[in-house]
Amino acid sequence: MCGLVGVVASNNAGVCLYDALTVLQHRGQDAAGIMTSDNGKLNLRKDNGLVKDVFHNRHMRRLTGQMGIGHVRYPTAGGSSPALAQPFYVNSPYGLALAHNGNLTNAVELSRDLFKQDLRHINTDSDSEVLLNIFAHELQQRGKIEPEARDIFAAVAGVHNRCRGGFAAIVMLAGYGIVGMRDRNGIRPLVFGSRKGGEKGMEYMIASESVALDSQGFTIERDVAPGEAVFVDVNGKLHTKICTEQGVKTPCIFEHVYFARPDSFMDSISVYKARLRMGEKLGNKIKKLRPDNDIDVVIPIPDTSRTSALELANRLGLKFREGFVKNRYIGRTFIMPGQSQRRKSVKQKLNAIDLEFRGKNVLLVDDSIVRGTTCKQIIQMARDAGANKVYFASAAPAIRYPNVYGIDMPAASELIAAGKTEKEIEEMIGADWLIYQELDDLIASASEGNPEIKQFECSIFNGEYITGDVDDLYLKRLENLRSDAAKKSKKKQSDKKGKNLMADRHNDA
């Protein structure tokens, strides 16, 4: 899961992009990048790290121009290195840069076709580079010295004809404009908005979440529709077109559970209100199963579960207390690469307030349970702080299946709920009682915000993959490529190559 933003403005696009990326930081903490276009000249800065660490004053002084795109990266495909930071760039045709969120399910086949048929070289194992080269090839086929909106829309149509999966992307054409595109099922989010300003009259921004637009004073126009392309030319004129036969609109429901900021709207659904409804429905389930429960206090696991936990406590008529203090300088543990790093970060991230636990029966509420590492350690923290009994509630159903559309859950073997009963999971995490949200209730929590959306992408809960191209063989190949074990092996190989290279240089010297 990554964060995207693109802007066409009168000036200072780089500053606008930097500020927008800071409010999208929750979507990716591995790397950040900005590329701007100043009258056709491209300026780039990208590196591993947080936005505030990647961009210094000397970098911002160089990021001049009237338009640009930005990206914060959370690695799913590929590893973690500065070479994989985005935006990616190709110089033909025109000079193209891309920021991408999601995952192409046919990236391996596309890489082969790009080399054998399109005569294009792919330099990384990132499907984002594949997507950029597909778009570049389709646009080059138009053979125009100066591309028009219809040429760009034709190239986007070519992308949809060839690419499968869940993706949102923003592409900048040097000197011409920016284009945002969304997969035909609308799995990954994308929204655009406008504001008055400067010589162009109107300025436009395209981003992963509405909060990025809000922070920069843009008025939300609407979400990009599934299969739609939104092109803003360098003069600030807006062009839109549906570029492929649309599938059933199926946005990712995990955005509402975990990824998105609560102050965002996604597909016209308030993330905050969706999470309130999750807490309400989970509270109703607890009342039904244990009307005479002995819970003394409800404690959220900061931060994403706080909204649901508050409404759950209200529903049960229980005290709501903040029992954990969060270290604000530690990133989100779920999106950290590698299980060992996640395990280490939990203890650095949270500390229990003993007086909220000692001698009490506590109900801990989290947004979800993925690998089980975090909740197991937190339950132990509660016991160490003197809790009498520790109950655990998840605002999402049990996650039993891999994700193939851009969330770092590539292997069922790494998911604690895969192939296990709730009682078995309860024992593994050390809870006195474990309760999960019902899937129908989770779907209702989101859909009540926009009844026009009839279904959501829920594959991690039910194993149903909307694109229809995912089978057991694909999932096995994905696990071999992207599991924590595979990433660890790649890192060892990379470190070994680095040591050999340093040794060779030393010998040459």
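Computed from a predicted structure; not experimentally measured.
Remark: Glu280 pairs with no residue by the salt bridge (charged side-chain N to carboxylate O under 4.0 Å, His left out) rule, at least two apart or across chains. Contacts of Arg315 classified as salt bridge (charged side-chain N to carboxylate O under 4.0 Å, His left out), with partners at least two apart in sequence or in another chain: none. Every residue two or more places apart in sequence or in another chain was checked for a side-chain hydrogen bond (donor to acceptor under 3.5 Å, both in side chains) with Thr307, and none qualifies. With sequence neighbours excluded, the residues forming a salt bridge (charged side-chain N to carboxylate O under 4.0 Å, His left out) with Asp354 are Arg358, listed by chain and number. Residues passing the salt bridge (charged side-chain N to carboxylate O under 4.0 Å, His left out) test with Lys389 are Asp294, sequence neighbours excluded. For Glu427, the side-chain contact (heavy atoms from CB on, under 4.5 Å) partners at least two apart in sequence or on another chain are Lys423. The ring-ring contact (aromatic ring centres under 6.0 Å, His included) check on Phe357 picks up Phe324, with sequence neighbours excluded. Among residues two or more places apart in sequence or in another chain, the ring-ring contact (aromatic ring centres under 6.0 Å, His included) test is passed with Phe167 by His160. Listed by chain and number, the residues in a ring-ring contact (aromatic ring centres under 6.0 Å, His included) with Phe461 amount to none (sequence neighbours excluded).
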#### Entry: side chain to side chain contact (heavy atoms under 4.5 Å, CB included) between Ile429 and Ile416, intermediate numbers included
CA-CA 9 Å; Ile429 64 175; Ile416 192 170; 3.6 Å; yes
### Check against side chain to side chain contact (heavy atoms under 4.5 Å, CB included), Gln86 and Leu98
CA-CA 7 Å; Gln86 296 184 34; Leu98 171 138; 4.1 Å; yes
### Derivation of the side chain to side chain contact (heavy atoms under 4.5 Å, CB included) call for Val179 and Val230
CA-CA 5 Å; Val179 56; Val230 173; over 6 Å; no
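At a threshold of 4.5 Å between non-hydrogen side-chain atoms, the residues Leu350 and Val325 do not count as touching. Between His100 and Phe88 the shortest side-chain heavy-atom distance does not fall below 4.5 Å. Here the side chains of Lys46 and Val54 are not in contact, with every heavy-atom distance at 4.5 Å or above. Put simply, the side chain of Leu318 does not reach to within 4.5 Å of the side chain of Val297, judged on heavy atoms. Under the 4.5 Å side-chain criterion, counting only non-hydrogen atoms from C-beta, Pro189 is not in contact with Asp223. Counting heavy atoms from C-beta on, the side chains of Met266 and Pro251 never come closer than 4.5 Å. At least one side-chain heavy atom of Leu364 sits less than 4.5 Å from a side-chain heavy atom of Ile378. Val470 places a side-chain heavy atom less than 4.5 Å from the side chain of Leu475.
Phe259 and Tyr74 have tilted rings, their planes meeting at an angle from 30° to 60° on a 0 to 90° scale.
Heavy-atom contacts from other residues, nucleotides or ligands closer than 6.0 Å to NZ of Lys376 number 12 or fewer. Within 6.0 Å of NZ on Lys241 lie no more than 12 heavy atoms contributed by other residues, nucleotides or ligands. Counting heavy atoms of neighbouring residues, nucleotides and ligands inside a 6.0 Å radius, atom CG of Asp472 does not exceed 12 of them. For Phe320, the CZ atom sits in a packed shell: over 12 heavy atoms of surrounding residues, nucleotides or ligands are nearer than 6.0 Å.
In this structure, Asp127 contributes its side chain and Val130 its backbone to no donor-acceptor pair below 3.5 Å. Gln25 places a side-chain N or O within donor-acceptor distance of the main-chain N or O of Val51, the cut-off being under 3.5 Å. Of the possible donor and acceptor atoms, one in the side chain of Asn103 sits under 3.5 Å from a partner among the backbone N and O of Val404. Judged by distance alone, the side chain of Thr22 and the main-chain N or O of Asp19 form a donor-acceptor pair under 3.5 Å. The closest donor-acceptor contact from the side chain of Ser126 to the backbone of Leu84 lies at 3.5 Å or more, if one exists at all. Listed for the Lys285 side chain is a donor-acceptor partner under 3.5 Å among the backbone atoms of Tyr436. Put simply, the side chain of Glu479 never gets that close to the backbone of Lys476: no donor and acceptor are under 3.5 Å apart. Formation of a donor-acceptor pair under 3.5 Å by the Asn293 side chain with backbone atoms of Arg290 is found in this model.
Taking 4.0 Å as the cut-off between side-chain N and carboxylate O, Lys281 and Asp440 do not count as a salt-bridged pair. Arg277 and Glu311 are not joined by a salt bridge, as no carboxylate oxygen comes within less than 4.0 angstrom of a charged side-chain nitrogen. A salt bridge links Arg222 with Glu228: the closest approach of a Lys/Arg side-chain nitrogen to an acidic carboxylate oxygen falls below 4.0 angstrom. For Glu109 and Arg164, the salt-bridge test fails: no basic side-chain N is under 4.0 Å from an acidic carboxylate O.
Note: Tyr405 OH to Tyr465 OH = 8.0 Å, rounded to the nearest 0.5 Å. Distance CG/Leu473 to CG/Leu478: 11.5 Å, rounded to 0.5 Å. Here OG1 of Thr250 is found 5.0 Å from CG of Asn185. Values are rounded to the nearest 0.5 Å.
Counting all heavy atoms, side chain and backbone alike, Val257 lies closest to Ala396 at CG1-CB, 3.9 Å. Closest approach of Gly165 and Ile187 over heavy atoms only: O-CD1, 4.3 Å. Between Ala260 and Val271, the shortest heavy-atom contact is CB-CG2, 3.9 Å. Listed here is the closest heavy atom pair of His256 and Ile269: CE1-CG2, 3.6 Å. Taking all atoms of both residues into account, the shortest heavy-atom contact from Cys2 to Asn101 is N-OD1, 3.0 Å.
Between the side chains of Arg184 and Thr244, at least one donor N or O sits under 3.5 Å from an acceptor N or O. For the residue pair Ser394 / Gln437, no side-chain donor-acceptor distance below 3.5 Å is found, with atom types taken as modelled. Side-chain polar atoms of Thr219 and Glu221 form no donor-acceptor pair below 3.5 angstrom. Using modelled atom types and a 3.5 Å distance limit, the side chains of Glu203 and Ser194 yield no donor-acceptor pair.
Screening Asn388, Val390, Asp432 for a side chain to side chain contact (heavy atoms under 4.5 Å, CB included) involving Val362 leaves a single residue, Val390.
Legend: salt bridge (charged side-chain N to carboxylate O under 4.0 Å, His left out) pairs involving residues 296-305, not counting sequence neighbours, sorted by first then second residue: Asp303-Arg306, Asp303-Lys326, Asp303-Arg328. Sorted by first and then second residue, the salt bridge (charged side-chain N to carboxylate O under 4.0 Å, His left out) pairs with a member in residues 264-273 read Arg182-Asp267, Lys249-Asp267; sequence neighbours excluded. Sorted by first and then second residue, the pairs that involve residues 206-215 and meet side chain to side chain donor-acceptor pair (under 3.5 Å), not counting sequence neighbours, are His26-Glu209, Arg27-Glu209, Glu209-Ser264.
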